[in-house]
Number of protein chains: 4
Amino acid sequence: MLARVSSTPTFKRLPRAVREQQMLDAAVKVFSRRGFHAASMDEIAEDAGISKPMVYAYLGTKEELFVACLHREGTRMMEAIAGAAASDLPADERLWRGLRAFFRFVGAHRDGWAVLYRQARGEQPFAGELATMRGRLVEVVAGMLDHALRAEGREVGPTDLEVVAYALVGATESLADWLADHTEADPEKTATRMMNVAWLGAAQLLHGTTWHPPTP
Amino acid sequence: MLARVSSTPTFKRLPRAVREQQMLDAAVKVFSRRGFHAASMDEIAEDAGISKPMVYAYLGTKEELFVACLHREGTRMMEAIAGAAASDLPADERLWRGLRAFFRFVGAHRDGWAVLYRQARGEQPFAGELATMRGRLVEVVAGMLDHALRAEGREVGPTDLEVVAYALVGATESLADWLADHTEADPEKTATRMMNVAWLGAAQLLHGTTWHPPTP
Amino acid sequence: MLARVSSTPTFKRLPRAVREQQMLDAAVKVFSRRGFHAASMDEIAEDAGISKPMVYAYLGTKEELFVACLHREGTRMMEAIAGAAASDLPADERLWRGLRAFFRFVGAHRDGWAVLYRQARGEQPFAGELATMRGRLVEVVAGMLDHALRAEGREVGPTDLEVVAYALVGATESLADWLADHTEADPEKTATRMMNVAWLGAAQLLHGTTWHPPTP
Amino acid sequence: MLARVSSTPTFKRLPRAVREQQMLDAAVKVFSRRGFHAASMDEIAEDAGISKPMVYAYLGTKEELFVACLHREGTRMMEAIAGAAASDLPADERLWRGLRAFFRFVGAHRDGWAVLYRQARGEQPFAGELATMRGRLVEVVAGMLDHALRAEGREVGPTDLEVVAYALVGATESLADWLADHTEADPEKTATRMMNVAWLGAAQLLHGTTWHPPTP
DNA sequence: CATGAATGAGTGTTCATTCAT
DNA sequence: CATGAATGAACACTCATTCAT
């Protein structure tokens with residue numbers, strides 16, 4: 001510990017970009033394992049194999065660091081989804097590919113997902129950040145539904161559309177939580193199940209079936 | 001230092017049970033506003049109009065206090081739902097009444113909901129506690145679906161049933177989040193919307209329609 | 001716990017003197033087990049089967065309570081010794097009886113000994129209290145030695161006498177510690193051993209043998 | 001609040017080893033003066049001219065800090081004794097030099113002695129730590145006695161030997177306490193006195209004289 | 001007489017953050 | 001560029017002590 005031989009400094013003087021990625025990797029890992037508050041900058045720095053002042057120099061305060069994690073993971077996720085669900089496909093195909101890409105991402109980045117949702121949801125400072133990202137997802141889903149509806153010659157009020165989309169996104173997140181907790185579970189199968197719930201429900205909507213509260 | 005006027009001691013020497021409720025009220029409020037970690041026992045005690053040692057004497061450590069909040073709010077919620085959805089009603093009626101009770105509860109106890117889900121989900125020590133409660137909800141929902149299915153002469157594998165129920169619960173929680181964030185929103189309407197998504201999707205399931213991934 | 005049936009209050013309204021002895025018993029026990037600081041008034045009160053305010057009403061603050069324990073145990077011990085070593089016996093007989101009474105006392109009141117010495121020695125507020133008691137012991141022992149010396153026609157300077165007496169008392173305390181820690185040990189045997197060390201050394205002194213540092 | 005003049009920062013950024021010694025010095029002093037419980041980490045830190053977190057970073061919790069003090073002082077003492085009493089000397093010479101070194105040490109490190117014995121004896125968590133150290137002393141003394149006995153062609157049962165050694169160590173500690181309390185006392189003289197008591201008693205033992213309780 | 005209810009004051013401990021080297 | 005050294009500020013938790021009933 002104390003006697004650190006100064007020769008062969010094991011990967012020093014790396015370019016800034018690389019170092020930043022190492023730090024973010026470490027941060028995502030530690031935030032995911034411990035939660036935002038319980039995570040300590042010491043542990044993150046140590047896990048990144050770097051000293052604390054460097055973390056501050058490169059990525060700022062703890063909150064900023066967390067936001068940086070959020071951004072990176074969120075962007076990666078959105079890219080994975082967007083890359084899979086090209087907009088020139090039929091609606092069900094788009095939805096399926098998007099869902100599959102999403103669950104694949106969650107399955108492969110369980111840490112990232114934990115940071116993204118489980119942590120961010122609970123801590124006020126990041127709720128906004130997260131809301132934005134989720135908002136984009138909701139928009140995409142609502143867009144798909146609207147597109148499909150119009151193709152059928154039907155139309156639904158924007159609020160209803162949004163709420164349905166919101167519910168679908170919520171159901172998806174819920175299954176993502178479930179997936180993140182079950183290491184052995186298969187992302188592909190989970191996607192299929194979600195597709196069943198989502199598409200069947202949405203299909204009804206597309207055909208104009210609705211439910212009304214009984215008038216007592 | 002602080003000149004405390006000695007007249008009208010504003011509610012001193014209350015019996016234990018009363019004080020405990022006051023404390024829980026304050027705790028739910030503060031936990032909800034600040035989050036578990038950011039909340040301080042000082043603030044909770046002050047908000048309850050009592051000294052810190054009393055909080056410890058009656059309700060234990062911070063974690064135990066949080067769990068107590070969880071229990072009280074969770075129990076209240078479950079009771080509200082169970083009381084509304086009597087088991088001798090037809091499936092759709094039960095679902096509808098349960099959902100309505102749920103959204104009414106969330107609308108009326110936005111603080112409690114925040115404590116229950118937003119906080120508990122993120123903090124490892126309480127994840128288990130929460131998982132149990134959610135598990136009970138999932139079971140109830142799955143039971144409803146199964147009951148309805150059998151009435152139609154159909155049957156679905158237990159895992160599929162559970163996942164569908166899980167997704168529905170997730171969707172519901174998501175809308176509850178949305179409701180908690182939109183003070184002006186109407187619980188009744190939100191319930192109706194959720195019912196649309198849930199029931200229409202479930203109805204499909206009931207009729208045996210399923211979706212399969214395209215085989216490329 | 002909460003529902004305490006009010007009939008048969010198990011020994012209430014005892015006369016003050018009895019209650020005080022109960023409290024002291026409890027206090028000695030708890031102080032002995034936990035140490036002065038680690039002991040809590042709550043535990044003492046509970047162990048005495050009485051409420052805290054009563055303890056304060058009867059025996060004062062924690063420090064005063066500890067001093068009360070010290071006094072009672074110290075007095076008991078001194079009485080046991082004094083009663084055994086009547087001053088009209090020959091010196092060795094007196095010493096032997098005194099030692100035997102002492103080790104018997106320690107053996108029978110291990111708790112009291114722990115309070116008396118092990119606790120009191122370490123805590124400044126009581127060091128003086130204790131020094132007085134030990135001083136009396138040293139005086140008694142020095143008196144014995146002086147008496148025996150004069151009987152032999154010899155005399156020793158008062159400081160030397162005191163220091164020798166001090167050393168003997170120290171040796172005795174040390175063996176008392178040892179005895180208190182070894183529940184199975186026999187007080188009688190321990191007394192014999194101490195007598196060997198003490199008397200043989202003292203006997204030399206009585207006969208005028210002395211040791212001088214080598215002059216280099 | 002406290003106007004701290006910014007010039008001459010009085011010893012900042014010292015290497016770790018130095019700071020640790022400063023802390024231990026301060027800790028020994030404060031523990032000695034106040035006792036373990038009454039001592040506060042704040043006072044120790046302030047006395048060391050450093051902030052509390054540094055104390056925790058370098059030497060751990062309060063208990064660990066106390067143990068560290070115990071170790072340092074104990075080691076110093078043992079080294080002082082061992083260095084003085086070379087094993088190739090005659091028994092009485094060894095004993096004398098050992099005693100002298102011991103009392104010199106106590107006289108010069110009265111704080112250390114208080115920490116070592118007066119505090120440690122009373123607080124359960126450290127009793128074991130201390131027992132070990134005293135045990136080593138007892139062994140050394142018993143070894144000396146045994147050596148001398150065998151040289152005289154005599155032998156004594158191991159328990160008797162140990163108890164005698166125990167008594168001698170106890171007497172010595174007792175005089176050390178006395179010395180620590182009397183600032184003006186001369187360690188050299190105290191050592192001589194102890195030697196008289198010890199050696200004269202031991203000499204008797206060496207020559208086979210024993211005392212037996214009168215059979216009434 | 002006896003007690004449950006109540007608290008002020010203090011302590012150990014942690015951690016994000018920043019200099020001086 | 002990189003880091004060990006350093007700290008301010010806060011927080012959970014405890015306990016001796018005292019009223020009001």
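All values reported here derive from a predicted model rather than from experimental measurement. Chain identifiers are assigned alphabetically (A, B, ...) following the order of the sequence lines, protein sequences preceding nucleic acid strands; residue numbering begins at 1 within each chain.
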Might you confirm whether atom CD of Glu46(A) has over 12 heavy atoms from other residues, nucleotides or ligands at distances under 6.0 Å?
no
Arg16(D) side chain N/O closer than 4.0 Å to the phosphate oxygens (OP1, OP2) of dA6(F)?
no
Short side-chain N/O contact to dA6(E) OP1/OP2 from Arg19(B), under 4.0 Å:
yes
OP1 or OP2 of dA6(F) sitting under 4.0 Å from any side-chain N/O of Tyr58(D)?
yes
Find which nucleotide of DNA chain E each of Pro53(B) and Lys52(D) is nearest to by heavy atoms, and output the residue with the more 5' nucleotide.
Pro53(B)
Rounded to the Å, how far apart are Glu43(D) CD and dG12(E) P?
10 Å
Would you please confirm or rule out a distance under 4.0 Å between OP1 or OP2 of dT3(F) and any side-chain N or O of Tyr56(A)?
no
Base, sugar-phosphate or nothing for Met41(B)? Non-hydrogen atoms, less than 4.0 Å.
sugar-phosphate
Mind calculating the distance between CE (Met54(B)) and C1' (dA12(F)) to the nearest angstrom?
17 Å
Measuring only between side-chain heavy atoms, which start at C-beta, is Met54(B) closer than 4.5 Å to Gln22(B)?
no
Nearest-nucleotide wise, let me know which of Ala39(C) and Ala17(D) is further upstream toward the 5' end of DNA chain F.
Ala17(D)
For the side chain of Glu43(A) and the backbone of Ser40(A), is there at least one donor-acceptor N/O pair under 3.5 Å apart?
no
Please give, in whole Å, the distance from dA20(F) P to Leu14(B) CG?
14 Å
Got a donor-acceptor pair under 3.5 Å from the side chain of Lys62(D) to the base of dT11(E)?
no
The residue, Met23(B) or Asp42(D), whose nearest nucleotide of DNA chain E is more 5′ is Met23(B)
Would you check if there is a donor-acceptor pair between the side chains of His37(C) and Glu123(D) at a distance under 3.5 Å?
no
Heavy atoms only, 4.0 Å cut-off, all strands: where does Ala38(D) land among base, sugar-phosphate and nothing?
nothing
Heavy-atom neighbours of Lys29(C) NZ exceed 12 at 6.0 Å
no
Scan Ala45(A) against the nucleic acid and name what it touches under 4.0 Å (heavy atoms): base, sugar-phosphate only, or nothing.
nothing
Between dT17(E), dT3(E), dT13(E), which one does the side chain of Thr61(D) approach most closely?
dT13(E)
